[in-house]
There are 2 protein chains.
Amino acid sequence: MIAQTGTQSTDRAAQLLLRVVEAREPLAVGELATATGLPKSTASRLLGSLERAGLVQRDGARGGVRPGPALLRFAQRGVAGDDIVSLADGALRELAAVSGETVNLAVPAHDGPDTIAEIETGHVLGTGGWVGRRGIPQHASAFGKVFIAFGAARLPRGELVAVAPRTITDRRRFDAELARIRVSGYAVAVDELEDGLAAVAAPVRGALGEVVASLAISGPTLRMPALRLEALGRLCVEQAAALSTKLGSPPVREGAA
Amino acid sequence: MIAQTGTQSTDRAAQLLLRVVEAREPLAVGELATATGLPKSTASRLLGSLERAGLVQRDGARGGVRPGPALLRFAQRGVAGDDIVSLADGALRELAAVSGETVNLAVPAHDGPDTIAEIETGHVLGTGGWVGRRGIPQHASAFGKVFIAFGAARLPRGELVAVAPRTITDRRRFDAELARIRVSGYAVAVDELEDGLAAVAAPVRGALGEVVASLAISGPTLRMPALRLEALGRLCVEQAAALSTKLGSPPVREGAA
DNA sequence: ACACTACGATCCGCTTGATGGAACATGCGT
DNA sequence: ACGCATGTTCCATCAAGCGGATCGTAGTGT
């Protein structure tokens with residue numbers, strides 16, 4: 001992280017701007033000053049600067065401060081969805097580095113998880129080639145289970161087809177599995193999609209808090225004892241949370257600065 | 001406008017943030033420094049501050065700067081559409097003050113212009129009570145003509161019904177009228193909706209440049225000679241442009257600061 | 001109608017925090 | 001392995017930001 005000195009006024013202005021974009025209604029200058037602990041004069045001056053730049057604007061009458069034209073333009077333009085691949089880059093690398101296994105990023109699609117990014121392992125025995133592969137059963141993959149557990153996909157009607165030795169086919173058991181995933185924050189699938197294939201996956205949330213993607217680590221079952229799965233799952237959760245934050249997902253709630 | 005002193009660093013940081021928000025792809029720190037004319041060191045320091053606040057973030061690898069979580073969250077939350085009424089307040093007042101006539105703000109609806117704000121005149125003979133009135137013919141009102149001319153509404157099929165002495169009923173003439181509106185930037189309707197009622201209207205554009213509303217001045221025909229209509233039309237255009245800017249509509253193109 | 005109150009903008013001497021050139025990392029391409 | 005391009009940190013200098021006090025203004029209550 002970058003040095004934190006020599007930027008007092010910018011830090012303050014940034015705090016003011018944060019309050020403005022996070023508020024749902026126009027804020028008074030005084031309110032902002034109080035909320036950020038700044039003298040009114042300083043708040044007024046800084047807001048003036050932000051206003052000149054078009055980052056905030058005021059209501060004609062009561063002088064309420066709200067996001068400015070530049071930000072409204074940005075908001076309307078929307079955020080390109082595939083940005084997620086480049087934003088995920090760091091998380092993928094990190095997971096690949098510490099796990100030494102294949103790492104994937106997938107988004108929910110109508111016919112199952114759609115893998116959109118991958119980093120392969122150095123191992124000879126590996127689990128690559130996921131990108132672009134469609135039609136992976138929702139109920140038999142760690143990705144799919146994450147999406148179902150967190151409301152980003154629905155379990156298709158009909159029987160839960162067994163595609164591997166340990167595929168969960170009983171709906172009651174599957175519901176229990178979903179509950180476990182919601183509690184632990186990550187999904188595990190061992191010999192459920194293919195015999196000998198194990199994976200863990202964690203949800204990535206978008207700006208509205210909804211699950212938009214999933215990060216997974218996968219490898220041969222024989223390199224994935226229970227303890228390691230647990231550790232890798234927690235790693236996934238951690239990196240997925242970091243990525244969620246980058247996507248604008250509401251953070252864990254931090255007190256006022 | 002507020003004083004422009006005592007905010008050098010904030011002004012600079014705001015410029016950096018503007019560039020980042022307006023760019024469609026991640027920008028390098030060096031690029032930003034060059035574009036804003038700042039020394040690299042200063043740009044780096046200020047960007048660090050913005051990054052800490054979550055207003056910008058960087059790509060893992062090549063360190064490209066892009067809008068941060070806080071702004072993505074804001075963008076996703078979207079902008080409440082009815083904000084336009086409060087943002088329009090200033091424009092309405094200004095127009096009412098200089099024209100002394102009734103001023104209205106309308107948005108396009110499926111069954112004709114929907115008037116959502118109004119300031120009445122001091123005159124006894126006036127044209128009030130527009131708010132909430134539905135079913136105003138598109139082709140016979142200044143509002144409707146603006147919406148049609150700028151693609152915010154379509155002319156309904158079928159005959160152009162004459163609802164007043166000078167309603168335009170010939171499609172060829174109506175097309176010519178639309179062309180004139182696009183060129184002059186405002187629409188005029190005299191004795192077209194009601195005998196003795198005259199109005200001018202100009203388009204208000206949203207953050208994507210599309211027409212989202214219209215500002216109009218209306219009054220008795222006998223107070224509205226041709227020359228005055230022209231002057232009022234230009235006033236409408238002016239205020240509508242200002243309001244468009246507040247809504248985030250791309251400005252007229254101004255050079256780098 | 002009038003004074004009162006609340007809020008925001010401005011002023012200005014003091015000093016603290018921002019400045020930017022240069023040196024130092026980092027990581028890429030070849 | 002080397003050099004180049006890019007980003008970060010350092011630090012002496014001094015200008016720019018700070019904030020308490022003051023002023024202007026618009027809304028409010030009686």
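None of the values given here were measured: they were computed from a predicted structure. Letters A, B, ... are given to chains in the order of the sequence lines, protein chains preceding strands, and every chain is numbered from 1. Computed over heavy atoms, backbone and side chain alike; hydrogens, waters and symmetry mates excluded.
Here dA5(D) presents its C1' atom at 13 Å from CD of E31(B), a figure rounded to the nearest Å. In this structure, K40(B) atom NZ and dA25(C) atom C1' are separated by 11 Å, rounded to whole Å. Residue L27(B) contributes atom CG, which lies 15 Å from atom C1' of dT6(D) at whole-angstrom precision. Atom-to-atom, CG of L47(B) to P of dT6(D) comes out at 16 Å; the value is rounded to the nearest Å. Between the CG atom of D11(A) and the P atom of dC18(D) there is a distance of 11 Å, rounded to whole Å. Rounding to whole angstrom units, CG of residue L32(B) and P of dT6(D) are separated by 13 Å.
In this structure, R58(B) pairs ionically with E51(B), as a charged nitrogen and a carboxylate oxygen lie closer than 4.0 Å. A salt bridge does not link E238(A) to R234(A): none of the charged nitrogens lies less than 4.0 Å from a carboxylate oxygen. Salt-bridge formation is detected for the pair R73(A)/E22(B): a Lys NZ or Arg NE/NH1/NH2 atom is positioned less than 4.0 Å from an Asp or Glu carboxylate oxygen. Ion pairing between a basic and an acidic side chain is recognised when a charged N comes within 4.0 Å of a carboxylate O; E118(A) and R133(A) show no such pairing.
For the residue pair S9(B) and S9(A), a side-chain donor N or O sits within less than 3.5 Å of a side-chain acceptor on the partner. A donor-acceptor pair shorter than 3.5 Å cannot be found between the side chains of N104(A) and T115(A).
In plain terms, the two heavy atoms of P113(B) and A106(B) that are nearest each other are CB-CB, 4.3 Å.
Considering only side-chain N and O atoms, S44(B) lies nowhere under 4.0 angstrom from the phosphate OP1 or OP2 of dG7(D).
Axis angle between the ends of the helix from dA1(C)-dT30(D) to dT30(C)-dA1(D), five pairs each and rounded to 10 degrees, works out to 60°.
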Fill in the blank from the handout: Counting primed atoms, P, OP1 and OP2 as sugar-phosphate and everything else as base, the B/S/- map of nucleotides 14-21 of chain C against protein heavy atoms under 4.0 Å is ---SSBBB

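One finds the OG atom of S214(B) at 13.5 Å from the OH atom of Y186(B) (value rounded to the nearest 0.5 Å).
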